[in-house]
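Note sheet for the following structure.
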Amino acid sequence: MTTAGSGEAVATDPWTPWIAAASSGIVRAAGAVGLSLPESEVRTLLDAEGGPEGDLAFPVHRLASLAGTPADELALRLAERFPPTPSLTAPAAKGAYLNFRVVPEELVRATLSLVLERGDAYGRGPPQEGAVCVEHTSANPTGPFHIGRVRNAIIGDTLTRVLRAAGAGVTTQYYIDDMGRQAAMVTWIWGKPRDSWPEPIRASVEGREGPDDKVDLRWGRPYPATSAYLKEHPGAAAEVAEVVRKIESGSPPPEHRAIAGKILEGMLASLARLGIGFDEFVWESDLLRDGSVERTLDRLRASTLAVREENGAWAIDAGGFALPKESTKVVFQRGDGTSLYVTRDVAYHLAKFARFARVIDVLGQDHRLHARTLEALLAAIGESHRPAFVIYQDITVPEGGRMSTRGGSAVWLDQLLEEAVERARGEVLARRPDLPASEVERIAEAVATGAVRYHIVRVAPDKAVRFRWEDALSFEGRSGPFVQYSYARASSVLRKGEAEGPPYPFDPSRLVDPDEVALVRTLSRFPGVVAYAARTSHVHAIAGYAHDLAEQFNRFYHAVPVLRSGAERASRLALVAASRQTLRNVLELLGVAPLETM
RNA sequence: GGGCCCGUAGUAUAGCUUGGACAUCACAGAGGCCUCCGGAGCCUCGAACCCGGGUUCGAAUCCCGGCGGGCCCGCCA
């Protein structure tokens, strides 16, 4: 282990030396047959996933066509010239491939040492330069969270955990849109005495209220009917417009921010159950108050692309940016002088660029054009920074179409969690009648929230998810509870063998069963998976890895006795300890609670 | 009409940015495993790259064209 303060890089990935050894060996072997190629190119060709025949695979096709030699023949010649390397078996030529295997004892020794030494830090990368801001969720405070919105929060939170593990310094932000028409609608309706509410709105609320209503449910309840009502009643819509104007002019109705705050409070309580929180909250209206919006308007009007409309509105002529709109104009200031959402978003991003080297926004696909418009406006004022967007597709309802609050197709996160807890409680009670009620409750909550988080994060963001209750509440197979179960099982074995550790001394030559080596190989992949997910924002890869690891551990568990074994017992306990540690670390990245027992 | 995204077994998904050897995993289906450290588990079997071109030694992956689905195209947010 590297000593503290030595300035040397701490080893974080067991594969680093093996990939280096294979690459430099290939370069030398190629040199010996008269071929010269840079090591960096070898590394990109080298398949670190291995193939059916080894841990590392090198396809020689490209070299072969360069040399004008048949690929099979070249593979054989390279295999002969590959220099002896202590940690790798001699390469085997198979067809057009050169296959390497890490010496199994070396794989076991290096991996288990690294996992057990690094502990909670296993999987983490070296610290990275540059502050990062991840903005996610930012749902309008108009009512309870529904499943569609929560995908944003889960992707954003997981991405944050992954980036931090990869070494980045991340600040999360939730942008609260308290200036738009949507928040104004809520204030408008609550600003009226209840007996003067329009009939359809009153009808949508009455008879559904209860004393224990969550704040977001209570204050958000009239929103869907209000939204529908305003579409058909221009007079009422004009009143809402007046609320918007007051907000924009800096003198909102006194209760405005308080109502938004209450709804937000309820939404955040739901997210907290999923382990999701935020470092900072940015109120849109604060950007107005501190002058950022005015400065942004000044810069936009000063742009060479700015044009004035007949009624006094201002726009950017974005024809050069090829936005897929019917008009090439992007209006950033209304005829009455007020700003628009996209304008305030420009102000917000300028504030982010001033503090952060990297700015990441997690957005639903319906915001894609908005993202491009934002970029166009940033370009128009000569700003060189751009946010990186992580775009995810919608969660759709089984009948087709997007999940929306208005259509009544929305399932609230709280409803989903309630169902999930109820089901989890039944499962726990059936299996563990010995546990006290409070413990059953704690486990049911962890299983339920773990299942929901996992179910949503496991799918690639650019794939739409069709919401089905039976899938969302599944506790078996590719699910959060499956991973939690493996963790609990590993914990149970270690409890029963607690006399032996920690620490867990081991002898690599005692861990030779194919299921043992396969498990170690899976453990060794973890740092690479974290780095990959951080680089590509493919957070679903973490969920996939968690499942692979849990599955591999279960295979080992069934195939190989641990506590009942003889000379191998100590080494197998070390393998269980390393597995438990890695399961714990990957669960942490997913925001799924590890359970010692379930 | 224009733009972006998606299309992999019955269902649902991984692999696609960096083209490479028998395409991953789950649910459902068929058949096995509880004298054994926790069966929310393990083992075995059957089953898929939307269609048509192109590039390439090689295409699920890259390019073009269809078809099907989603989303967006506002002085809303």
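Just the heavy atoms: all of them, side chains too, but no hydrogens, waters or symmetry mates, feed the values below. Just so we're on the same page: letters track the sequence lines, and every chain starts at 1.
Salt bridge annotation for A:E248-A:R245: absent, with no cationic side-chain nitrogen under 4.0 angstrom from a carboxylate oxygen. Salt bridge absent: A:R510 and A:E568 never bring a charged side-chain N and a carboxylate O closer than 4.0 Å. Electrostatic pairing of A:E419 and A:R423 does not count as a salt bridge here, judged by no charged N lying under 4.0 Å from a carboxylate O. Note on A:R334 versus A:D336: no salt bridge recorded, every NZ/NE/NH1/NH2 to OD/OE distance being 4.0 Å or above.
Across the C1' atoms, B:C34 and B:G19 are found 48 Å apart, a figure rounded to whole Å. Atom name C1', nucleotides B:G58 and B:U11: the rounded distance is 33 Å, in whole Å. Rounded to whole Å, the separation between the C1' atoms of B:U8 and B:C51 comes to 14 Å. Separating the P atom of B:G65 from that of B:G2 is a span of 12 Å, rounded to the nearest Å. Taking atom P on both nucleotides, B:U56 is separated from B:C49 by 26 Å, rounded to a whole Å. A gap of 24 Å separates the C1' atoms of B:C25 and B:G69, to the nearest Å. Spacing between B:G15 and B:C75 at atom C1', rounded to whole Å, works out to 46 Å. Nucleotides B:C62 and B:C6 are separated by 9 Å at their P atoms, to the nearest Å.
When heavy atoms are screened at a 4.0 angstrom cut-off, A:D336 is found touching no nucleic acid atom at all. Within 4.0 Å (heavy atoms only), A:H367 reaches at least one base atom of the nucleic acid. At the heavy-atom level, A:F482 lies under 4.0 Å from the strands shown only through sugar-phosphate atoms. Across all strands shown, A:M598 has heavy atoms under 4.0 Å from base atoms, whether or not it also approaches the sugar-phosphate. Across all strands shown, A:A57 has heavy atoms under 4.0 Å from base atoms, whether or not it also approaches the sugar-phosphate. If you check every strand for non-hydrogen atoms under 4.0 Å, A:S474 touches nothing. Using a 4.0 Å heavy-atom cutoff across all strands shown, A:A313 reaches at least one base atom of the nucleic acid. Looking at heavy-atom distances under 4.0 Å, A:V576 makes no contact with the nucleic acid at all. Residue contacts shown for A:V465 are absent, as no nucleic acid heavy atom lies under 4.0 Å away. When heavy atoms are screened at a 4.0 angstrom cut-off, A:D345 is found touching no nucleic acid atom at all. Residue A:V560 is classed as a base contact, given a heavy-atom separation below 4.0 Å to a base.
Inspection of the A:S491 and A:E596 side chains reveals an N or O donor paired with an N or O acceptor under 3.5 Å. For the 3.5 Å distance criterion, the side chains of A:T338 and A:Q333 fail to qualify, holding no donor opposite an acceptor. If you check the side chains of A:R344 and A:T296, you find no donor sitting under 3.5 Å from an acceptor. Between the side chains of A:Y348 and A:Q173, at least one donor-acceptor pair of N or O atoms lies under 3.5 Å. For the residue pair A:S486 and A:R580, no side-chain donor N or O sits within less than 3.5 Å of a side-chain acceptor on the partner.
Contact annotation: A:K496 reaches the phosphate of B:G38 (side-chain N/O to OP1 or OP2, under 4.0 Å). Side-chain nitrogen and oxygen atoms of A:N554 include none within less than 4.0 Å of the OP1 or OP2 phosphate oxygen of B:G41. Side-chain N/O atoms of A:S492 include none lying less than 4.0 angstrom from OP1 or OP2 on B:C37. For A:K463, a side-chain nitrogen or oxygen approaches OP1 or OP2 of B:G7 to under 4.0 Å. For the OP1/OP2 pair of B:G38 and a distance below 4.0 Å, the side-chain nitrogens and oxygens of A:R495 include no atom meeting the criterion. Taking side-chain N and O atoms only, A:R62 has no distance below 4.0 Å to OP1 or OP2 of B:G58.
Because its glycosidic torsion is more than 90° from 0, B:C72 is reported here as anti.
Taking atom CG of A:D462 as the reference point, atom P of B:U8 lies 13 Å away to the nearest angstrom. Atom NE2 in A:H547 sits about 12 Å away from atom C1' in B:C42, given to the nearest Å. Rounded to whole Å, atom P of B:U18 lies 11 Å from atom CZ of A:R535. A straight line from OH of A:Y485 to C1' of B:G39 spans 6 Å, rounded to a whole angstrom. Distance CG (A:D548) to C1' (B:U13): 13 Å, rounded to an integer number of Å. A:R478 places its CZ atom 11 Å from the P atom of B:G15, with the value rounded to the nearest Å. As rounded to whole Å, 24 Å separates atom P of B:G2 from atom CZ of A:F321. A:L473 has its CG atom 16 Å from the C1' atom of B:A26, to the nearest Å.
In terms of polar N and O atoms assigned as donor or acceptor, the side chain of A:D471 never comes within less than 3.5 Å of the base of B:A26 in a complementary pairing. The base of B:G2 has none of its N or O atoms less than 3.5 Å from a complementary donor or acceptor on the side chain of A:E326. Judged by atom type and distance alone, A:T597 reaches the base of B:G38 through a side-chain donor-acceptor pair under 3.5 Å. A donor-acceptor contact under 3.5 Å is formed by the side chain of A:H538 with the base of B:U17.
If you check B:U35 for Watson-Crick or wobble pairing at under 3.5 angstrom, you find it has no partner at all. Across the strands present, B:A26 finds its partner in B:U11; the criterion is a Watson-Crick or G-U wobble pair with both atom distances under 3.5 angstrom. Across all strands shown, B:C4 forms a Watson-Crick or G-U wobble pair with B:G70, both key distances being under 3.5 Å.
Distance from the side chain of A:E551 is smallest to B:C25 among B:C43, B:C25, B:U17. Residue A:Y532 places its side chain closer to B:G15 than to any other of B:C76, B:G15, B:C72. The side chain of A:V459 lies closest to B:U13 when the candidates are B:G38, B:U13, B:C73.
Nearest heavy-atom pair across A:R151 and A:A464 is NH1-CA, 4.3 Å.
Here A:Y97 lies parallel enough and close enough to stack on the base of B:A21, with planes under 30° and ring centres under 5.5 Å apart. Under the stacking definition used here (centres under 5.5 Å, planes under 30°), the residue A:H61 qualifies as stacked on the base of B:G20.
Where A:R372 and A:E476 each meet RNA chain B at their nearest nucleotide, the meeting point lying more 5' is that of A:R372. In this structure, A:G335 and A:H558 both approach RNA chain B, and ranking their closest nucleotides by distance from the 5' end singles out A:H558.
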